[in-house]
Amino acid sequence: MQHGATPVPGTTGSCGATTSWTFQVTERDIRRFLQAIGEPAPTAASMQASPMTEAPALVAPPLFYQVMAWQDVGSEQLPPDGSPAEIQGGPPHARSMGGASEFTVHRPARAGETISVCSRPLGVQSRQGLHGPLHLITRQTTFTDAAGTEVARELATYLRRPA
């Protein structure tokens with residue numbers, strides 16, 4: 001637990017159930033991500049042999065895993081503040097925002113592979129902010145390949161202001 005933080009009664013580990021989904025990595029997604037972050041178009045050096053097909057596949061930059069960290073749901077399934085479905089539940093809130101994110105990347109994602117994503121809550125803490133109470137929601141998301149090998153992991157904290 002972080003210094004100065006206290007658990008929110010009845011919420012530790014209850015900010016949402018473990019959720020999982022799959023993400024099909026496409027060359028188009030990787031190219032769009034590269035464009036969005038201002039990276040140059042991929043070259044032949046960006047290709048690696050895929051263990052699944054032995055054919056060269058475009059390799060994504062490490063933070064491409066962040067694209068996979070959220071389920072693709074319709075806007076009607078999101079709360080009024082637009083926060084992700086994975087951080088719903090827990091204490092009532094009026095506004096959610098990203099706090100911190102730490103990625104461990106074991107290997108880059110490759111175009112053509114399917115990544116399994118599992119996101120689970122680690123806890124909710126409360127602390128007094130400058131303008132009132134804040135709830136800190138911590139989630140761990142793991143990314144595994146078709147062989148079941150973990151290829152990346154994210155530890156993320158989100159801030160939520162009570163309603």
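Only a predicted model underlies this, so the values are computations on that prediction, with no experimental measurement involved.
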With under 30° as parallel and over 60° as perpendicular, where do the rings of Y65 and F143 fit, or are they tilted in between? tilted

Return the minimal non-hydrogen interatomic distance between [X] and [Y], and the atom names on each side.
X    : Y    : result
L34  : P61  : CD2-CG, 3.7 Å
A111 : I30  : N-CD1, 3.7 Å
S116 : T22  : OG-CG2, 3.9 Å
F64  : A109 : CD2-CB, 4.3 Å
D29  : Q24  : OD2-O, 3.8 Å
V67  : F23  : CG1-CZ, 3.9 Å

Rounding to 0.5 Å, atoms CD (Q66) and CZ (F103) come to a distance of 4.5 Å

dist D145:CG -> I115:CD1 (nearest 0.5 Å) comes out at 6.0 Å

The single option from V59, V25, V151, L58 that satisfies side chain to side chain contact (heavy atoms under 4.5 Å, CB included) with P108 is V59

Checking L134 against R161 for the side-chain contact (heavy atoms from CB on, under 4.5 Å) test, could you report, in this order, the C-alpha distance in whole Å, the side-chain angles of both residues, the deciding distance, and whether it holds? CA-CA 5 Å; L134 288 174; R161 292 192 183 279; 3.7 Å; yes

Those residues at least two apart in sequence (or on a different chain) that pass side chain to side chain contact (heavy atoms under 4.5 Å, CB included) with E150 are H106, T142, T144, R153

Exercise for the section: Please report the C-alpha distance between R31 and Q35 in whole Å, then the side-chain angles of each, then the deciding distance to 0.1 Å, and finally whether the side-chain contact (heavy atoms from CB on, under 4.5 Å) criterion is met. Expected result: CA-CA 6 Å; R31 289 179 186 280; Q35 182 182 19; over 6 Å; no

Exercise. Above 12 or not: heavy atoms from other molecules or residues under 6.0 Å from CD of Q140?
Worked result: yes

- Tell me, with the steps shown, if W70 and S119 meet side-chain contact (heavy atoms from CB on, under 4.5 Å). CA-CA 9 Å; W70 305 109; S119 183; over 6 Å; no

Apply the test side-chain contact (heavy atoms from CB on, under 4.5 Å) to residues E154 and R139: give CA-CA distance (whole Å), side-chain angles for both, the deciding distance (0.1 Å), then the verdict. CA-CA 8 Å; E154 178 192 26; R139 290 194 74 83; over 6 Å; no

